[in-house]
Amino acid sequence: MRWTVHSEKSLYTDPWLDIRIADVELPDGTHVDHRLIRTPPGAGAVVTDANCNVLLLWRHRFITGSWGWEIPFGKIDEGEDPAAGAAREVEEETGWRPGPLSPLLIVEPTPGISDSVHHVYRADSAVRISDPVDDYESDRVAWLPLADVPQLVARGEIRTGTALAALLYVFGCSG
């Protein structure tokens, strides 16, 4: 049941996104105009320490009006390796330099509307190097017990799809 794309036209473009309309043919032959969003890929990391704590940011998301814990994450710069982008985002957003990164997950958070791809890495250590460079990114940065992740999810304190997938995956593999 593959959909066939006959054409795409950009409606709006900037460095962060490209909003498009596509002429799509459904398996029954019906054509629909489908809106989609093309974005650069993103990268982030789940960083833990020897005491089974995880490095998180407490953020406000103005679009949804919600607060929650998130992993450090952001846009990969053009030509940047995803792992390097993840390490950069951890440093900029938290002030901590992650230890060696290993691939954890690749997440497509909204494939019905966007081609966004999130590369998530894992680090088992970090070294404090400074205050966060991007201090506007979060209200606070904290190390929380990884064991608390299920309760944080249940209370709605971890809400973003990529953070949910990554943190529950790490929790499930360690718990």
Side-chain angles (χ1 to χ4, degrees), residues 12 14-19 34-49 51-77 80 82-83 85-99 101-126 128 131-175:
Y12 172 81
D14 70 21
W16 287 88
L17 57 89
D18 180 4
I19 300 172
H34 190 76
R35 275 69 176 174
L36 60 125
I37 304 167
R38 299 215 178 271
T39 65
V46 174
V47 180
T48 55
D49 66 12
N51 297 316
C52 294
N53 295 308
V54 62
L55 182 62
L56 298 174
L57 302 109
W58 181 251
R59 299 190 63 154
H60 179 254
R61 292 296 185 174
F62 77 92
I63 295 169
T64 57
S66 61
W67 286 88
W69 292 106
E70 297 182 14
I71 62 172
F73 189 90
K75 180 174 81 110
I76 299 171
D77 291 335
E80 185 177 38
R88 177 183 49 74
E89 288 293 336
V90 172
E91 285 189 30
E92 290 175 357
E93 293 183 359
T94 70
W96 290 81
R97 177 169 292 146
L101 292 169
S102 58
L104 183 67
L105 295 171
I106 295 177
V107 179
E108 295 176 352
T110 55
I113 189 80
S114 172
D115 68 350
S116 181
V117 175
H118 295 178
H119 300 267
V120 184
Y121 293 84
R122 171 87 189 262
D124 293 324
S125 64
R128 177 99 168 127
D131 288 334
V133 174
D134 295 341
D135 62 354
Y136 58 85
E137 292 276 1
S138 66
D139 191 55
R140 67 183 181 273
V141 175
W143 289 91
L144 300 178
L146 185 59
D148 289 354
V149 165
Q151 293 84 12
L152 294 170
V153 171
R155 290 196 308 257
E157 293 182 30
I158 299 174
R159 306 169 70 100
T160 66
T162 298
L164 280 164
L167 291 168
L168 289 173
Y169 184 78
V170 170
F171 175 80
C173 290
S174 67

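Please read these numbers as outputs of a predicted model, since none were measured by experiment.
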Which heavy-atom pair separates [X] from [Y] by the least distance, and what is that distance?
{"X": "L146", "Y": "F171", "result": "O-CD1, 3.5 Å"}
{"X": "A165", "Y": "V107", "result": "CB-CG2, 4.4 Å"}
{"X": "P98", "Y": "L101", "result": "CB-CD2, 4.2 Å"}
{"X": "D14", "Y": "Y12", "result": "OD2-OH, 3.1 Å"}
{"X": "A86", "Y": "G44", "result": "CB-O, 3.5 Å"}
{"X": "P82", "Y": "A43", "result": "O-CB, 3.3 Å"}

Spacing of [atom1] belonging to [X] relative to [atom2] belonging to [Y], to within rounding of 0.5 Å:
{"X": "Q151", "Y": "I158", "atom1": "CD", "atom2": "CD1", "result": "10.0 Å"}
{"X": "L167", "Y": "D148", "atom1": "CG", "atom2": "CG", "result": "11.5 Å"}
{"X": "T162", "Y": "I106", "atom1": "OG1", "atom2": "CD1", "result": "12.0 Å"}
{"X": "L36", "Y": "I113", "atom1": "CG", "atom2": "CD1", "result": "7.0 Å"}
{"X": "K75", "Y": "L17", "atom1": "NZ", "atom2": "CG", "result": "10.5 Å"}

Could you check whether any side-chain N or O of E93 sits under 3.5 Å from a backbone N or O of F73, counting only pairs where one atom can act as donor and the other as acceptor?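 Pair found, side chain donor or acceptor close to backbone of F73.
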Would you check if the side chain of H34 reaches a backbone N or O of G112 as a donor-acceptor pair within less than 3.5 Å?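 Present.
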Do [X] and [Y] touch side chain to side chain, with heavy atoms closer than 4.5 Å?
{"X": "L55", "Y": "W143", "result": "yes"}
{"X": "R159", "Y": "R61", "result": "no"}
{"X": "R59", "Y": "S138", "result": "yes"}
{"X": "E89", "Y": "I76", "result": "no"}
{"X": "I37", "Y": "D18", "result": "no"}
{"X": "S102", "Y": "Y121", "result": "no"}
{"X": "T39", "Y": "D115", "result": "yes"}
{"X": "V170", "Y": "V54", "result": "no"}

Of L152, V149, N53, which meets side-chain contact (heavy atoms from CB on, under 4.5 Å) against L144?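 The side-chain contact (heavy atoms from CB on, under 4.5 Å) with L144 is passed solely by L152 among L152, V149, N53.
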So W67 and W58, would you call those rings parallel, tilted or perpendicular, with 30° and 60° as cut-offs?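 Taking W58 first and then W67, their aromatic rings lie parallel (interplane angle under 30°).
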Donor-acceptor side-chain pairing of T64 and S66 below 3.5 angstrom: yes
For R122 and T48, run side chain to side chain contact (heavy atoms under 4.5 Å, CB included): C-alpha distance rounded to whole Å, both residues' side-chain angles, the deciding distance at 0.1 Å, then the answer. CA-CA 8 Å; R122 171 87 189 262; T48 55; 3.1 Å; yes
